[in-house]
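Let me begin by presenting the structure, written as structure tokens, before commenting on it.
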Amino acid sequence: MPTESGSWAAARQTKQKRKSHSLSIKRTNSSEQDRPGLQRDMLEGQDSKLPSSVRNTLLELFGQIEREFENLYIENLELRREIDTLNERLAVEGQTIDGAELTKGQMKTKASHSTSQLSQKLKTTYKASTSKIVSSFKTTTSRAICQLVKDYVGHRDGLWDVSVTRTQPVVLGTASADHTALLWSIETGKCLIKYVGHAGSVNSIKFHPAEQIALTASGDQTAHIWRYMVQLPTPQPTADTSQISGEEEVDFSDKDENEGDGDISSDCPTVRVPLTSLKSHQGVVIAADWLVGGKQAVTASWDRTANLYDVETSELVHSLTGHDQELTHCCTHPTQRLVVTSSRDTTFRLWDFRDPSIHSVNVFQGHTDTVTSAVFTVGDNVVSGSDDRTVKVWDLKNMRSPIATIRTDSAVNRISVSAGQRIIALPHDNRQVRLFDMSGVRLARLPRSNRQGHRRMVCCCAWSEDNPTCNLFTCGFDRQAIGWNINIPALLQEK
């Protein structure tokens with residue numbers, strides 16, 4: 001009776017193992033269908049203070065986790081079987097390949113190479129599967145830490161800038177391409193003041209450090225300083241939006257936003273004439289800000305210059321030249337007479353006015369595309385964002401290279417750094433808003449689903465850490481601003 005060769009026996013053994021494995025998978029899949037019902041039955045008899053919806057969500061999440069790890073375990077077993085089969089095959093073939101025996105060293109090398117390939121496959125499969133679980137946990141955690149509180153809807157075109165007053169009463173300001181700037185009650189979302197003095201897009205808004213005065217920059221080549229008087233309405237109870245985001249992120253169509261909403265700003269008191277108009281630029285004024293003390297203001301323009309003005313007299317004090325292309329932003333230091341301007345020439349410049357007799361300038365080079373904004377921190381740092389999809393943290397005492405670099409997947413717009421916790425908020429072209437610390441570690445991403453978040457490009461972020469209701473505001477080209485409550489202690493604890 002003929003006997004089976006070694007290679008035939010190994011092949012048959014492998015086939016039997018695979019068949020047995022496929023049967024085990026079928027059993028696993030059939031048992032999965034009954035598992036959620038069993039889990040629910042087991043938990044129904046237990047005392048719990050959690051709402052039933054929360055308990056069901058937790059059950060589903062843990063069920064997904066269990067299935068993911070079960071699949072990983074099965075794949076691990078299969079890969080181990082393939083490794084064992086390969087080793088057996090090599091042992092058999094090593095004696096008869098081309099009629100010549102392989103040396104022990106050659107067999108060891110070949111087996112090691114094949115085993116390393118399978119090992120790499122195992123690692124890749126494990127990382128891909130576990131990343132889904134980690135991503136699920138991160139999404140759930142972000143929603144618990146970052147909650148949408150209020151939408152501010154009333155503009156008729158996209159929003160370029162958002163800002164919060166530094167004095168009482170605390171109100172929110174938005175600048176829009178619809179030629180208006182609006183002031184809002186943070187708690188109620190009601191429009192309080194409508195400024196209509198500009199003849200072009202309003203590109204930025206900043207509030208005076210001590211008085212109820214606003215500074216706006218416009219496409220009409222001017223910057224306006226105007227006074228407002230507001231009386232905050234009584235806050236009304238609002239619906240809890242923290243339970244809304246039970247869905248994963250989805251894409252939105254490009255249909256018109258805010259369909260059916262009327263112009264709610266038409267009922268606001270209107271300011272039509274500014275106290276002062278700053279007119280020295282020959283192009284769009286893209287941004288403006290107050291110097292410390294509020295007696296001077298700086299503007300940035302597409303005419304490649306930044307201008308420093310005396311607020312009381314409206315006179316031009318300095319014209320800051322040097323950029324090779326249009327300016328995109330300007331920012332002032334909160335406690336010192338320092339100004340930083342950013343430009344499409346891939347640089348940003350630091351202007352020092354601490355000595356009245358002379359102003360010095362330093363050029364920061366490190367980006368490869370338009371620098372969309374550069375902002376000061378409370379300390380001696382500047383944070384710059386760019387269309388090259390990076391954010392860089394710089395030390396004012398060492399300008400040669402950044403001390404940290406954040407790489408993202410989308411162009412970065414007007415960033416904001418919280419004064420107390422030094423958390424960087426990054427608004428992106430791809431509608432995302434991400435939070436990082438100063439060392440470049442990602443902390444969270446603001447939730448975005450088909451029920452909340454921005455539907456188009458996010459243009460700007462602004463922190464307001466002293467506000468108990470909302471401490472981060474974002475605005476975008478979907479015609480709305482959004483107020484978020486960021487649980488900063490929990491955020492830093494997750495880090």
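Computed from heavy atoms alone, side chains included, the values below leave out hydrogens, waters and symmetry copies.
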Any pair counted as salt bridge (Lys or Arg N to Asp or Glu O under 4.0 Å), so long as it reaches residues 168-178, sequence neighbours left out:
none
For Arg227, all residues meeting salt bridge (Lys or Arg N to Asp or Glu O under 4.0 Å), sequence neighbours excluded
Glu211
Please collect all salt bridge (Lys or Arg N to Asp or Glu O under 4.0 Å) contacts where either partner lies in residues 351-364, sequence neighbours excluded, each pair once.
Asp352-Arg354
For Ser418, give me all partners under side chain to side chain contact (heavy atoms under 4.5 Å, CB included), at least two apart in sequence or on another chain.
Gln421, Ile423, Trp463, Glu465
For the residue pair His224 / Thr276, report whether a side-chain donor-acceptor contact shorter than 3.5 Å exists.
no
Strictly under 2.5 Å separating the two SG atoms? Check that for Cys268 and Cys191, please.
yes
Holding to side-chain hydrogen bond (donor to acceptor under 3.5 Å, both in side chains), I want the full list of residues that pass it with His208, two or more places apart in sequence or in another chain.
none
Side chains of Ser319 and Asn307 only: does a donor on one sit below 3.5 Å from an acceptor on the other?
yes
Any side-chain donor paired with an acceptor under 3.5 Å for Asn485 and Asn471?
no
Sort and list the pairs that fulfil salt bridge (Lys or Arg N to Asp or Glu O under 4.0 Å) and have at least one residue in residues 363-389, not counting sequence neighbours.
Asp380-Lys397
Looking at residues at least two apart in the chain, or sitting in another chain, which of them share a salt bridge (Lys or Arg N to Asp or Glu O under 4.0 Å) with Lys206?
Asp161
Going by distance alone, is a donor N or O of one side chain under 3.5 Å from an acceptor N or O of the other, for Trp290 and Thr332?
no
Regarding Trp160 and Ser176, is there a side-chain donor-to-acceptor distance under 3.5 Å anywhere?
no
Hey, are Ser384 and His367 close enough side-chain-wise for a donor-acceptor pair under 3.5 Å?
yes
Test of understanding: with salt bridge (Lys or Arg N to Asp or Glu O under 4.0 Å), list the residues that count as partners of Asp409, not counting sequence neighbours.
Arg434
Donor + acceptor pair across side chains of Ser342, Thr328 (<3.5 Å)
yes
Please report the C-alpha distance between Thr299 and His281 in whole Å, then the side-chain angles of each, then the deciding distance to 0.1 Å, and finally whether the side chain to side chain donor-acceptor pair (under 3.5 Å) criterion is met.
CA-CA 9 Å; Thr299 57; His281 285 292; 2.7 Å; yes
Donor-acceptor contact below 3.5 Å, side chain Tyr152 vs main chain Ile186:
yes
Between the side chains of Gln480 and Asp478, does any donor sit under 3.5 Å from an acceptor?
yes
Does a donor on one side chain sit under 3.5 Å from an acceptor on the other, for Thr341 and His323?
yes
By ring-ring contact (aromatic ring centres under 6.0 Å, His included), which residues pair with Trp302, not counting sequence neighbours?
none
Sequence neighbours left out, what passes ring-ring contact (aromatic ring centres under 6.0 Å, His included) with Phe364? Give chain and number order.
Phe348, Trp394
Do the rings of Tyr195 and Trp226 sit parallel, tilted or perpendicular, given the 30° and 60° boundaries?
parallel
Listed partners of Thr313 passing side-chain hydrogen bond (donor to acceptor under 3.5 Å, both in side chains), at least two apart:
Asp310
With Asp395, which residues qualify under salt bridge (Lys or Arg N to Asp or Glu O under 4.0 Å), at least two apart?
none
